Trainee: 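Take a look at this one; I'll ask things after.
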Protein chains: 4
Amino acid sequence: MPRATFFNLPADKRQRIIEVALEEFAERPYDQASISRVVSRLGIAKGSLYQYFDGKRELFTWLVEEAGRKKLEAVSATPPPTGADLYARLRWLYAQGLLFIAASPRWARVALRSVEPSLDPEISRLRASSEAAAQAFLREQLARGQEEGSVRGDLSLELVVPLVHGLLSEGLMRAFLARAGVTDPLDPAAQSLGREDALAVVDAALSLLERGLRRGAP
Amino acid sequence: MPRATFFNLPADKRQRIIEVALEEFAERPYDQASISRVVSRLGIAKGSLYQYFDGKRELFTWLVEEAGRKKLEAVSATPPPTGADLYARLRWLYAQGLLFIAASPRWARVALRSVEPSLDPEISRLRASSEAAAQAFLREQLARGQEEGSVRGDLSLELVVPLVHGLLSEGLMRAFLARAGVTDPLDPAAQSLGREDALAVVDAALSLLERGLRRGAP
Amino acid sequence: MPRATFFNLPADKRQRIIEVALEEFAERPYDQASISRVVSRLGIAKGSLYQYFDGKRELFTWLVEEAGRKKLEAVSATPPPTGADLYARLRWLYAQGLLFIAASPRWARVALRSVEPSLDPEISRLRASSEAAAQAFLREQLARGQEEGSVRGDLSLELVVPLVHGLLSEGLMRAFLARAGVTDPLDPAAQSLGREDALAVVDAALSLLERGLRRGAP
Amino acid sequence: MPRATFFNLPADKRQRIIEVALEEFAERPYDQASISRVVSRLGIAKGSLYQYFDGKRELFTWLVEEAGRKKLEAVSATPPPTGADLYARLRWLYAQGLLFIAASPRWARVALRSVEPSLDPEISRLRASSEAAAQAFLREQLARGQEEGSVRGDLSLELVVPLVHGLLSEGLMRAFLARAGVTDPLDPAAQSLGREDALAVVDAALSLLERGLRRGAP
DNA sequence: GATGAATGAGGGTTCATTCAT
DNA sequence: AATGAATGAACCCTCATTCAT
């Protein structure tokens, strides 16, 4: 989504622009983030930023996409468990997600911005589709779980998917950050969070989930 | 938080002010909501609003508190089940909460605004304390559940509380609204949501929770 | 179209605002006119002008309407000839119009701005309707002339109306200003134009028209 | 007015530049037209355009001149009537002009841009001289008509020329476009206008004129 | 000959708050 | 108690032109 101009920039300058913009959009929801602040922190002319990006929307959506790519990359770094059931798969996946937060809190924050509401209608559309994609993914997983027999077949996915979504998105995140006594992924104290924290939190969430969802005795 | 002048106002005028302000702050996050729009919709002088409230912050926080009171009032209207265990208590409580959303979507929305982030530091503090209160309440309930024996004693509440919070806040809300094919409590279609929807959703959430948390076989 | 604020202003301040805005919009077509320049010439804050008018469009359209009112007022000052035929009526009317240009060149200029094209779609609509009204008026006059017998009945008004419109709008104006050796009504030299100039020009135009349109020998 | 570099360009590239610039300046008045948009549509570097033309002004004036040349060329394609009087000559000439509008609406539009006012003083001068040239031409024709005896000798050309100019410029154009139910030569519906329309409109205008101007009974 | 990044002033508009009346 | 005019910085975005490469 950036213009060619942006990629022709010297790597270090491009990097600085990304960093400053990332900081701005990580710290503030889309509507509050300010292009003026970005350029003033960068010490470049306002028009220059408009050479690189068509506007605020494009800059934001590109950052969000970039965040998605970085997250995917980070998640893919560790190979997924093979021959595992639903709970093992989710355990692995969400642990990776938490580790991404600890490793790249600002990118993670920007990724989360994509599910925040906005007054800008186009950004709202982005939000809606992000949310829908997340739920669709969960639904697919749980449906597969039902086929595998690891999720009770009598559960209505219509009801369960959003509930699980709440548990594994906001719930998991809150539990993870709480281990550092923190509420916000950008809080410096969140940097102390590591692999063990992620695993502990995900374990708690998934054993709760497994007991709750699996057929028969837990 | 309003000044004395506000309460000296004729009741109907006071009421209109509340309604218009409510509408504004229900529709937009704190930072986007506009005092200018409120007074212009009211057709009163800007200065007048500043006679009633010290400023935007005070108006907002008062609305949020008022929303809390209205919710409490609504929840208290039905007597809680007596002699019930944790799950029955929560079932009752959260069902009331969902019904409040359906009955007073704008007040419910304003109540939710209190957990949204803001650029205003004082509003952020409000947010933090709201979140903390919600978690404290849950922790107390779950701790009592452990004493009662309805929650496994080996669970770390540090981990479980935020998870359950995610399930019962965002998860429950999403599941409820999804029954009307909706994402936003202010969406007119959300008005079709009724008692059965609330009960169905809360049942699903709490049976998931009970299986997940209760000691022994589910 | 101004807000109440504007009319509550001290008369002299209101007058200054009108004068400066009038000057700006007389000198430049809508798209080139600048609110920034207006407030800077006025020495008031930008926000203040937005207290008086909803925006550039409203300021412009109000000025145009005001110009129309002033012109109507000026035209109505002299009573129209009674018992006159088409040509006498038009002679009187257009002479009044020219005198208005000489008397209030800036208001006249703003009135003409309403038939200039603009990139703003709402302003374009204003333009279209102004043009249509002007032609509708002429068509009605000429149709009446045909009924009276002062215009040849075999003429197609579809063809004749726009032609006459060109003659009596741009043509008449150019001829009038040319008498002061000028092209622009705002040129100071245009102030020397008076009643005799208007009558001479209108006479020339209408005798040309009468010969051209009247049935039988001129 | 273009630099040598422009003419050294491969013909097809030069052609594309002309087309895109033509489109821009046909669609918007000089002050609104944008060099940025032109180069962006062309997909060439901004600096390149500045190699071909000294700037916006030069590009525009060259296009206007080019439009004049194209019009002259088109008009000259059909030989003028020989041995004809003033009215026949003008009939032929203006019919050619209207046909040029139908055949090359964008070039025609750019030609008309030259008589629009602008904030740029140099462009204003261009406008003034275009207008003056048009009137001078008409004056010469009408003067010849007086010598020929086809225009009444008692008419003051000072008065009549601008009037006839209004009739044959704006009036004729309006009448022509009105036959397609259109106001703007670039409106696609204007493409339906053909030879018969042009002749009908010019006939109406010139018979009006002839009756109005010729000595003796019409 | 071609490039295209950089500029920086300018555009219209919105806002919460103050304070003299 | 009520008013509402005034502020002025902030918002996003566009532009013609330059000049080092």
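Since this is a predicted model, take the numbers as computed values, not measurements. Chain letters run A, B, ... following the sequence lines, proteins first and then strands; every chain starts at 1.
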Trainee: Are Leu9(D) and Ile17(D) side-chain neighbours, meaning at least one heavy-atom pair lies under 4.5 Å?
Mentor: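 Sidechains of Ile17(D) and Leu9(D): in contact.
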
Trainee: Whole angstroms only, please: what is the CD1-C1' distance between Ile35(A) and dA9(F)?
Mentor: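 It is 18 Å, rounded to the nearest whole Å.
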
Trainee: Regarding Ala4(B), tell me which of base, sugar-phosphate or nothing describes its non-hydrogen contacts under 4.0 Å with the strands shown.
Mentor: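 Result for Ala4(B) = nothing.
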
Trainee: Rounded to the nearest angstrom, tell me the gap between atom CD1 in Ile123(D) and atom P in dA16(F).
Mentor: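 The answer, rounded to whole Å, is 13 Å.
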
Trainee: Would you please indicate if the ring centroids of Phe6(C) and Trp62(C) are separated by under 6.0 Å?
Mentor: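 Yes, they do, as the ring centres are separated by less than 6.0 Å.
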
Trainee: Counting only side-chain nitrogens and oxygens, does Arg37(B) get under 4.0 Å of the OP1 or OP2 atom of dC15(E)?
Mentor: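 True: Arg37(B) side-chain N/O within range (under 4.0 Å) of dC15(E) OP1/OP2.
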
Trainee: Using a cut-off of strictly less than 4.0 Å, decide whether Ser34(A) has a side-chain nitrogen or oxygen near OP1 or OP2 of dC12(F).
Mentor: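 So the side chain of Ser34(A) is within the cut-off, an N or O lying under 4.0 Å from OP1 or OP2 of dC12(F).
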
Trainee: Give, for atom CH2 of Trp107(B) and atom NZ of Lys70(B), the distance between the pair rounded to the nearest 0.5 Å.
Mentor: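 Going from the CH2 atom of Trp107(B) to the NZ atom of Lys70(B) covers 5.5 Å.
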
Trainee: Nearest to the Ile44(D) side chain among dA1(F), dT7(E), dT3(E), which nucleotide is it?
Mentor: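 Looking only at side-chain atoms, Ile44(D) lies closest to dT3(E).
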
Trainee: With no hydrogens and no angle check, is any side-chain donor or acceptor of Arg113(A) less than 3.5 Å from a backbone partner on Phe25(A)?
Mentor: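 Indeed, once roles are kept as given, a pair shorter than 3.5 Å links the two residues.
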
Trainee: Separation of Asp31(A) atom CG from dT14(E) atom C1', in whole Å?
Mentor: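 So the two atoms are 14 Å apart, to the nearest Å.
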
Trainee: On the nucleotide dG10(E), are OP1 or OP2 found under 4.0 Å from the side-chain N or O atoms that Ser36(C) carries?
Mentor: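 Negative; the distance criterion is not met.
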
Trainee: Does Arg14(D) reach the main-chain N or O of Phe7(D) with its side chain, forming a donor-acceptor pair under 3.5 Å?
Mentor: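 Yes, the answer is positive, given that a donor and an acceptor are paired below the 3.5 Å cut-off.
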
Trainee: Specify the separation, in whole Å, of atom CD of Gln32(B) and atom P of dC12(F).
Mentor: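 So the CD-P distance, Gln32(B) to dC12(F), works out to 11 Å.
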
Trainee: So, is Tyr50(A) close to the dC15(F) phosphate, meaning a side-chain N or O under 4.0 Å from OP1 or OP2?
Mentor: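 For dC15(F), neither OP1 nor OP2 has a side-chain N or O of Tyr50(A) closer than 4.0 Å.
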
Trainee: Could you state the atom-to-atom distance from CG of Asp120(A) to P of dT14(E) in whole Å?
Mentor: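 Those two atoms, CG and P, are 16 Å apart.
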
Trainee: How long is the line joining NZ of Lys13(C) and P of dT7(F), in whole Å?
Mentor: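 Whole-Å distance recorded here is 6 Å.
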
Trainee: Heavy-atom nearest nucleotide on DNA chain F for Lys46(A) versus Asn8(B): which residue maps closer to 5'?
Mentor: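 Closer to the 5' end of DNA chain F: Asn8(B).
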
Trainee: Between dA16(F) and Lys56(D), is there an OP1 or OP2 to side-chain N/O distance shorter than 4.0 Å?
Mentor: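 Yes, Lys56(D) has a side-chain N/O under 4.0 Å of OP1/OP2 on dA16(F).
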
Trainee: Run the side-chain hydrogen bond (donor to acceptor under 3.5 Å, both in side chains) test on Gln32(B) and Glu27(B) for me, step by step, so that the C-alpha distance in whole Å, both residues' side-chain angles and the decisive distance to 0.1 Å come before the verdict.
Mentor: CA-CA 9 Å; Gln32(B) 249 75 42; Glu27(B) 268 172 4; over 6 Å; no

Trainee: Applying a 4.0 Å non-hydrogen cut-off, can you work out what Phe53(D) is touching in the nucleic acid: base, sugar-phosphate, or nothing?
Mentor: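 Nothing: the residue Phe53(D), judged by heavy atoms under 4.0 Å, touches no strand.
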
Trainee: Can you give me the dot-bracket string for DNA chain E, 5' to 3', counting Watson-Crick and G-U wobble pairs with both distances under 3.5 Å, using [ ] for crossing pairs and | for partners on another strand?
Mentor: .||||||||||||||||||||

Trainee: In whole angstrom, what separates Leu59(B)'s CG from dT17(E)'s C1'?
Mentor: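 After rounding, the gap between these two atoms is 14 Å.
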
Trainee: Toward the 5' end of DNA chain E, which comes first, Phe6(A) or Arg57(B), by nearest nucleotide?
Mentor: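 On the 5' side of the pair lies Phe6(A).
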
Trainee: Are any non-hydrogen side-chain atoms of Phe53(A) and Ile35(A) less than 4.5 angstrom apart?
Mentor: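 No, side chains not in contact.
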
Trainee: Does Ser36(B) reach the side chain of Lys46(B), with side-chain heavy atoms less than 4.5 Å apart?
Mentor: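 Heavy-atom side-chain distance check passes, below 4.5 Å.
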
Trainee: Please report the distance, rounded to the nearest Å, between CG in Leu49(A) and P in dT14(F).
Mentor: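 Going from CG in Leu49(A) over to P in dT14(F) covers 12 Å.
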
Trainee: Let me know, please, whether Leu9(C) or Ser48(A) comes out on the 5' side of the other along DNA chain F by nearest nucleotide.
Mentor: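 Nearest nucleotide further toward 5': that of Leu9(C).
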
Trainee: Would you mind telling me which residue lines up with the more 5' stretch of DNA chain E, Gly55(B) or Gln51(B), judged by nearest nucleotide?
Mentor: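 By nearest-heavy-atom nucleotide position, the 5'-most residue is Gly55(B).
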
